[in-house]
Amino acid sequence: MKKKLILTGAIAVLIILFACAFKIDGDSSIKDITHPYINTYECTRATLGESDLLDDYEYLRIIIEEGGQMKIIFKQKDGKSYQYESTYSYDEKTRELTAEMTILGYRYKQKTTIENGKFTIAMPLFSKQLVMVFEVK
């Protein structure tokens, strides 16, 4: 009986120590802990060569959803808005997001790493370098 009490006490202490090692926000959900990449990302910087693309847009967003689906939505300052759907895969170990999408009959595939709620897309486009930085909204 005494051994069971000591064992139970030791397990309780270990559980308390283990729980204190992690800080979980009270507003966190299971998704935040298990799939933190599933979120809405706002473009905070977008350049094509020397041109600032954000001058022409109210917003550029990527919404990564469960089940391998994502949406790319943007709204121009003239009020026109667009939405494209895409598929993605995510590697939990490397934090690498790979997305594929078809625009005007051309298939594009882009890989990037999500770190601290942020990722960058960089690729040549029209003989200039396109750089877009996205952060959790």
Side-chain angles (χ1 to χ4, degrees):
M1 180 70 172
K2 189 174 182 182
K3 285 184 180 182
K4 285 184 182 178
L5 229 62
I6 291 172
L7 183 59
T8 304
I11 291 172
V13 168
L14 285 174
I15 289 171
I16 291 169
L17 288 174
F18 184 73
C20 291
F22 297 97
K23 290 187 177 185
I24 299 175
D25 185 1
D27 295 331
S28 294
S29 68
I30 295 297
K31 176 203 66 81
D32 294 333
I33 297 166
T34 58
H35 300 301
Y37 58 91
I38 295 175
N39 220 320
T40 298
Y41 296 84
E42 184 88 27
C43 186
T44 57
R45 189 176 125 227
T47 57
L48 180 61
E50 300 297 317
S51 302
D52 185 352
L53 298 177
L54 292 181
D55 289 342
D56 299 327
Y57 294 91
E58 283 187 38
Y59 60 81
L60 296 154
R61 294 185 185 127
I62 293 179
I63 303 168
I64 299 175
E65 301 173 334
E66 297 215 30
Q69 297 295 310
M70 66 188 285
K71 294 178 183 171
I72 297 96
I73 58 173
F74 52 95
K75 184 175 182 182
Q76 296 174 323
K77 289 193 176 174
D78 66 6
K80 294 179 185 174
S81 60
Y82 302 89
Q83 178 173 317
Y84 295 95
E85 294 193 11
S86 174
T87 59
Y88 75 89
S89 62
Y90 184 77
D91 186 325
E92 298 276 348
K93 292 178 184 172
T94 63
R95 295 184 312 273
E96 187 173 74
L97 176 80
T98 303
E100 291 187 42
M101 114 184 269
T102 303
I103 300 176
L104 300 173
Y106 293 99
R107 188 159 195 82
Y108 296 95
K109 185 175 185 177
Q110 180 71 36
K111 292 183 179 188
T112 189
T113 302
I114 299 176
E115 294 186 71
N116 300 320
K118 185 177 181 178
F119 64 90
T120 301
I121 296 172
M123 60 189 268
L125 185 67
F126 305 122
S127 72
K128 295 181 182 180
Q129 187 69 10
L130 172 68
V131 178
M132 301 176 82
V133 177
F134 289 87
E135 297 182 44
V136 171
K137 183 178 172 188

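Because the structure is predicted, anything quoted here is derived from the model rather than measured. Side chains are part of it too, since the values below use all heavy atoms of this structure and drop only hydrogens, waters and symmetry mates.
- Looking at every heavy atom in both residues, Ala46 comes nearest to Leu60 through CB-CD1, 4.3 Å.
- Met70 contributes atom CE, which lies 9.0 Å from atom OG1 of Thr87 (distance to the nearest 0.5 angstrom).
- A side chain to side chain contact (heavy atoms under 4.5 Å, CB included) with Phe134 is found for exactly one of Ile121, Thr44, Asn39, namely Ile121.
- For the atom pair OG1 (Thr98) and NZ (Lys111), the distance works out to 4.5 Å, reported to the nearest 0.5 Å.
- Hydrophobic cluster membership of Val133, counting Ile, Leu, Val, Met, Phe, Trp and Tyr whose side-chain heavy atoms lie under 4.5 Å apart directly or via other members: none, as it forms a cluster of its own.
- Note: the hydrophobic cluster containing Ile64 also contains Ile72 (ILVMFWY, side chain heavy atoms under 4.5 Å, direct or indirect links).
- Tracing side-chain contacts under 4.5 Å through hydrophobic residues (I, L, V, M, F, W, Y), one never reaches Tyr82 starting from Ile73; they form parts of separate clusters.
- Follow the hydrophobic side-chain contacts under 4.5 Å out from Tyr84 and you never reach Tyr59; the two are in separate clusters.
- To the nearest 0.5 Å, atom CE of residue Met123 and atom NZ of residue Lys109 are 13.5 Å apart.
- Atom OH of Tyr57 is separated from atom NZ of Lys75 by 13.5 Å, given to the nearest 0.5 angstrom.
- Summarising the geometry, atom OG belonging to Ser86 is positioned 7.5 Å from atom CD belonging to Glu100; distances are rounded to the nearest 0.5 Å.
- Atom CG of Leu48 sits about 5.5 Å away from atom NZ of Lys128, to the nearest 0.5 Å.
- Both Leu53 and Phe74 belong to a common hydrophobic cluster when Ile, Leu, Val, Met, Phe, Trp and Tyr are linked at side-chain heavy-atom distances under 4.5 angstrom.
- Put simply, the side chain of Tyr90 reaches to within 4.5 Å of the side chain of Ile114, judged on heavy atoms.
- For Asn116, the CG atom is loosely surrounded, since the number of other residues' heavy atoms within 6.0 Å does not exceed 12.
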Give the intermediate values and the outcome of salt bridge (charged side-chain N to carboxylate O under 4.0 Å, His left out) for residues Glu58 and Lys77.
CA-CA 5 Å; Glu58 283 187 38; Lys77 289 193 176 174; over 6 Å; no

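- Ser81 places none of its side-chain heavy atoms less than 4.5 Å from the side chain of Gln76.
- Taking every heavy atom of both residues into account, Ala122 and Gln110 meet most closely at O-NE2, 3.9 Å.
- In plain terms, the two heavy atoms of Cys43 and Met132 that are nearest each other are SG-CE, 4.1 Å.
- A donor-acceptor contact shorter than 3.5 Å is absent between the side chain of Tyr37 and the backbone of Glu96.
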Can you check side-chain contact (heavy atoms from CB on, under 4.5 Å) on Lys71 and Gln69, steps first, answer last?
CA-CA 7 Å; Lys71 294 178 183 171; Gln69 297 295 310; over 6 Å; no

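- For the pair Thr94 and Thr113, the minimum side-chain heavy-atom distance is 4.5 Å or more.
- Note: the hydrophobic cluster containing Ile62 does not contain Val131 (ILVMFWY, side chain heavy atoms under 4.5 Å, direct or indirect links).
- A donor-acceptor contact shorter than 3.5 Å is absent between the side chain of Thr112 and the backbone of Leu97.
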